[in-house]
Amino acid sequence: MTLLHSLSARAAKRATRWGLAAALLVIAGIAAAGCSQTETPTIDAVLLPPPQVPPREVRAPARVVVKLEAVEKDVEIAPGVTYTTWSFNGTVPGPMIRVRVGDQVEVRLSNAASNTNPHSIDLHAVNGPGGGAGATTVNPGEQKSFTFQAKTPGFYTYHCAAGTVADHITNGMYGGILVEGETRLPVVEREYYVGQSDLYTTGDTGEKGKQSLDYTKLVNEDPTYVVFNGNTKSLIAENALKANVGDHVRIYFTDGGPNLISSFHVIGEIFDKVYQYGSLDASAQINGVQTVLVPPGGASIVEFQVDVPGDYKLVDHALGRAGKGAVGILRVDGAPNPAIFNPLNAGPAAPATATAPAATATPAATAAPAGSTGAAPAAVTIKEDLKDNSFSAPQVTVAAGQKVTFTIANTGLLPHNMHIADAKGSYDGAGNVVSSPEIINPAKTGTLEWTAPTTPGTYKFRCDVHPDQMTGTITVQ
Ligand SMILES: [Cu+2]
């Protein structure tokens with residue numbers, strides 16, 4: 001209307017020059033040109049891979065085009081474990097969609113001809129049959145679309161509703177859509193998007209190689225993996241979420257399921273505000289919450305300010321699931337804040353990266369000095385605890401030619417392993433040795449047999465799950 005008014009005003013000015021009849025012709029021409037199209041702009045939804053959140057926009061209602069593609073591809077869901085995921089736009093969860101109340105949302109779903117299954121989308125933000133599933137059921141090679149009006153503010157799940165539905169969701173076809181109200185959510189320093197889902201593979205947890213869907217486990221609700229953002233590594237090590245001390249963090253959390261209710265918790269934080277069930281109605285907002293329940297096909301928005309630096313774990317507080325992958329990290333950088341948190345038993349202030357004292361192997365009393373008699377030194381056993389995320393003995397000293405057995409206990413909440421590089425420092429080359437089992441789940445133990453080379457030198461080891469944080473060296477004397 002604004003455009004029409006201003007053009008009309010200009011036309012009226014011209015009327016004083018050209019005469020009323022000419023002005024009326026100009027106005028009629030504007031009306032015939034279809035002014036309503038210029039009133040409601042068409043924009044493409046910004047779609048980003050998780051954990052990214054589309055940018056906050058303050059704008060009038062628009063026609064928002066959401067371009068989604070069903071993707072079927074093999075990905076790694078845990079170290080060394082591959083699985084054929086089905087997804088929206090190639091990520092699990094699919095991209096977060098951000099619209100506002102009053103938008104006409106046009107959802108376009110295409111299914112590549114190279115795919116093998118029909119797919120569809122049911123958005124819980126829709127008022128209409130199937131949430132759009134019927135209107136978007138596409139066979140390989142097809143594209144379909146529908147529009148809906150975003151009516152009720154909130155953060156909602158979307159998912160594929162083809163097949164037996166549960167199989168399409170567990171394979172990765174779910175995501176979240178935010179419908180903001182007239183009043184936008186306040187600006188915060190950090191916004192993240194996290195989805196939880198449960199996977200059911202033919203092999204056991206951690207079993208290497210290509211895995212496929214186990215329908216019996218699926219219907220018995222006996223998951224092999226419970227993960228954030230599609231795999232066990234999405235939010236740990238170099239993929240950790242980041243914030244600085246003082247930041248307000250908002251997490252849009254959706255539970256795709258298909259089966260498990262999430263007890264979402266951030267260890268060491270209290271949610272300052274929770275939008276229960278993802279509702280943006282004022283009545284749904286509660287303050288000071290430790291753990292939120294998020295049902296499959298549901299969502300929540302949590303907000304908290306971080307006061308103290310360190311690593312904060314994102315978990316489903318049904319903590320048996322941590323061993324199945326449901327762990328993420330929020331890494332907070334900044335100055336210590338002893339008024340809020342002050343570890344009194346830590347002794348004098350130490351750098352955050354201080355390592356544990358070197359563990360020196362204690363060989364059998366009769367061990368001969370290496371090289372003195374030509375006899376190999378006696379075998380030794382060295383204990384390594386895997387913590388989140390460090391080795392209890394990051395520096396080890398052994399004799400040349402010595403046989404070493406590492407006994408390894410995972411005392412943390414995350415899966416870890418121990419992997420010794422070869423003489424050239426390679427974790428792939430000849431002579432590298434990895435623990436058995438290759439991935440040691442929380443509360444589990446493993447071993448690693450290694451014979452020190454006869455040449456003195458330094459040998460690297462690491463955890464393959466946390467290669468940047470969990471490292472150590474073996475000095476061979
Ligand atoms: Cu599907």
Side-chain angles (χ1 to χ4, degrees), residues 45 47 49-50 65-77 82-97 105-126 128-148 156-177 193 195-202 210-219 221 223-231 234 254-260 295-299:
L47 302 175
V65 179
V66 179
K67 295 171 183 167
L68 296 174
E69 182 188 14
V71 175
E72 301 176 358
K73 68 171 179 184
D74 287 2
V75 303
E76 200 171 60
I77 55 169
T82 53
Y83 186 86
T84 305
T85 55
W86 303 345
S87 67
F88 293 101
N89 292 14
T91 63
V92 180
M96 180 169 154
I97 302 165
V105 185
E106 179 184 339
V107 180
R108 297 180 190 166
L109 179 64
S110 62
N111 191 353
S114 55
N115 286 347
T116 54
N117 298 277
H119 297 292
S120 68
I121 187 167
D122 166 358
L123 300 107
H124 291 185
V126 170
T136 55
T137 300
V138 278
N139 288 309
E142 291 183 337
Q143 177 182 311
K144 288 184 181 171
S145 57
F146 76 106
T147 67
F148 73 93
Y156 302 90
T157 302
Y158 67 78
H159 61 88
C160 180
T164 52
V165 188
D167 58 347
H168 285 244
I169 293 173
T170 190
N171 285 351
M173 298 195 81
Y174 76 97
I177 173 169
Y193 166 49
Q196 178 173 327
S197 63
D198 22 288
L199 285 124
Y200 305 81
T201 63
T202 41
K210 179 70 194 293
Q211 301 294 328
S212 49
L213 175 61
D214 185 324
Y215 278 91
T216 304
K217 289 182 185 172
L218 174 66
V219 297
E221 305 189 12
T224 329
Y225 296 94
V226 182
V227 294
F228 295 139
N229 288 4
N231 68 68
S234 285
T254 180
D255 184 0
N259 289 326
L260 300 188

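Predicted model only: the values in this text are computed from it and were never measured. Numbers here are sequence positions counted from 1. Numbering of ligands and ligand atoms starts at 1, following listing order.
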Chemist: Write out all pairs satisfying salt bridge (charged side-chain N to carboxylate O under 4.0 Å, His left out) with one or both partners inside residues 107-119, taking only residues at least two apart or from two chains.
Modeler: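 Residue pairs passing salt bridge (charged side-chain N to carboxylate O under 4.0 Å, His left out), neighbours aside: E106-R108.
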
Chemist: Is it the case that D198 and Y225 place a side-chain donor and acceptor less than 3.5 Å from each other?
Modeler: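 No donor-acceptor contact under 3.5 Å links the two side chains.
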
Chemist: What residues form a side-chain hydrogen bond (donor to acceptor under 3.5 Å, both in side chains) with N115, not counting sequence neighbours?
Modeler: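 N111.
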
Chemist: With 2.8 Å as the limit, jot down which protein N, O or S atoms are around the Cu ion (ligand 1).
Modeler: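 Sorted hits: H119 ND1, C160 SG, H168 ND1, M173 SD.
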
Chemist: If only atom types and distance count, is the side chain of N171 paired as donor or acceptor with the main-chain N or O of L213 below 3.5 Å?
Modeler: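 Side chain of N171 to backbone of L213, a donor-acceptor pair under 3.5 Å: no, none is there.
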
Chemist: Applying side-chain hydrogen bond (donor to acceptor under 3.5 Å, both in side chains), can you list everything that pairs with T136, at least two apart in sequence or on another chain?
Modeler: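 side-chain hydrogen bond (donor to acceptor under 3.5 Å, both in side chains) check on T136 returns nothing, list empty.
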
Chemist: Could you tell me the separation between the OG atom of S87 and the CG atom of L68, rounded to the nearest 0.5 Å?
Modeler: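 S87 atom OG to L68 atom CG measures 10.5 Å (nearest 0.5 Å).
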
